[in-house]
Amino acid sequence: RTTRILLDGQDITDETVGTTIFNVSAGAINEFQLNRSTQDVSGEVTSTGQVLVSTNSGTNAFHGELFYNFQDHRALFARAKDGQDPQFQRNQFGGGVGGPILRDKLFFFGNIERIKQDSSSVSPVNSTGLFSAIYSAHPIIPSPYRETYSTVRLDYNGPAHGHYFRRANYNVN
């Protein structure tokens with residue numbers, strides 16, 4: 001029915017709206033693959049394609065990252081057409097770390113990301129035209145907006161060249 005979205009082989013597609021059932025932090029993504037209409041047997045039954053995402057894991061060396069992204073209403077071209085200057089500020093920050101617990105056997109990875117957004121109580125969108133009914137029902141954009149999502153993962157190299165992992169995701173908004 002819709003494009004399938006798989007995270008480490010687990011289907012996380014929301015059947016109602018056709019997106020994911022939870023967000024995945026960009027820092028937790030190791031790699032992704034896009035498959036169009038016809039794909040190999042690893043995919044589920046779908047006629048539109050799939051997105052395969054794998055999460056990071058720990059290694060024998062410690063590794064990590066930190067990031068911070070700042071957006072503000074004073075940025076170039078942030079003014080509304082009518083000259084208003086609605087207050088807006090968005091901070092997006094987080095990081096991740098991974099490494100060994102038992103060398104060559106047991107590894108960990110953890111990641112967290114936070115979005116903190118504040119805006120004025122005045123809607124910065126012109127309430128005329130096609131979406132005027134929506135704007136009249138919801139005249140302001142909710143503020144403040146907060147969202148946190150994180151991923152933790154344990155990987156184990158077991159007997160007979162078996163590789164096992166356990167992943168947990170946390171998402172609140």
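Quick note: numbers below take in every heavy atom, side chains included, and nothing from hydrogens, waters or symmetry partners. Because the structure is predicted, anything quoted here is derived from the model rather than measured.
- If you take CG on Leu154 and CZ on Arg166, they are separated by 9.5 Å, rounding to the nearest 0.5 Å.
- Cluster annotation: Ile21 is connected to Val24 through the hydrophobic network of ILVMFWY side chains, with a link wherever side-chain heavy atoms come within less than 4.5 Å.
- With 3.5 Å as the limit, one finds a donor-acceptor pair spanning the side chains of Asp104 and Asn60.
- Atom CD of residue Gln33 and atom CG of residue Leu6 lie 10.5 Å apart, to the nearest 0.5 angstrom.
- Between the CD atom of Gln117 and the CD atom of Gln92 there is a distance of 10.0 Å, given to the nearest 0.5 Å.
- The main-chain N or O of Val51 is never found under 3.5 Å from a side-chain atom of Asn35 such that the two would form a donor-acceptor pair.
- Donor-acceptor pairing under 3.5 Å is lacking for the side chains of Tyr149 and Asn169.
- Taken together through direct or relayed side-chain contacts under 4.5 Å among Ile, Leu, Val, Met, Phe, Trp and Tyr, Tyr164 and Leu106 form part of one hydrophobic cluster.
- The two atoms that bring Glu113 and Ser25 nearest to each other are OE1-OG, 2.6 Å, heavy atoms only.
- If you chain together hydrophobic residues whose side chains sit under 4.5 Å apart, Phe93 and Tyr145 never meet in one group.
- Cluster membership for Ile115 and Phe22, using ILVMFWY side-chain heavy atoms within less than 4.5 angstrom, is not shared.
- Within the 4.5 Å cutoff, no side-chain heavy atoms of Phe109 are placed close to those of Thr55.
- Under the 4.5 Å side-chain heavy-atom criterion for grouping Ile, Leu, Val, Met, Phe, Trp and Tyr, Leu102 is connected to Val97 within one hydrophobic cluster.
- Separation of atoms CD (Gln71) and CD (Gln89) is listed at 10.0 Å; rounding is to 0.5 Å.
- Counting heavy atoms from C-beta outward, Ser57 and Phe108 have side chains that stay 4.5 Å or more apart.
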- Message: Quick one, Arg167 with Asp155, criterion salt bridge (Lys or Arg N to Asp or Glu O under 4.0 Å). Give me CA distance, side-chain angles, the key distance, then yes/no.
- Response: CA-CA 9 Å; Arg167 183 196 73 243; Asp155 287 80; over 6 Å; no
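- For Asp118 against Pro144, the heavy-atom pair with the smallest separation is OD1-CB, 3.0 Å.
- The environment of CZ in Phe32 is sparse: at most 12 heavy-atom neighbours from other residues, nucleotides or ligands sit within 6.0 Å.
- The line from OG1 of Thr20 to CD1 of Ile5 is 5.5 Å long, rounded to the nearest 0.5 Å.
- Side chains of Leu52 and Arg4 form no contact here, defined as non-hydrogen atoms less than 4.5 Å apart.
- Closest non-hydrogen pair, Arg153 versus Asn56, comes out as CD-O, 3.2 Å.
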- Task: Take Ile112 and Tyr170 through the test side chain to side chain contact (heavy atoms under 4.5 Å, CB included) and record every step on the way to the result.
- Result: CA-CA 9 Å; Ile112 188 165; Tyr170 174 79; over 6 Å; no
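- The OH atom of Tyr156 sits 11.5 Å away from atom NE2 of His163, with the distance rounded to the nearest 0.5 Å.
- Two residues are said to be in side-chain contact when any heavy atoms from C-beta on lie closer than 4.5 Å; Asn111 and Glu65 meet this criterion.
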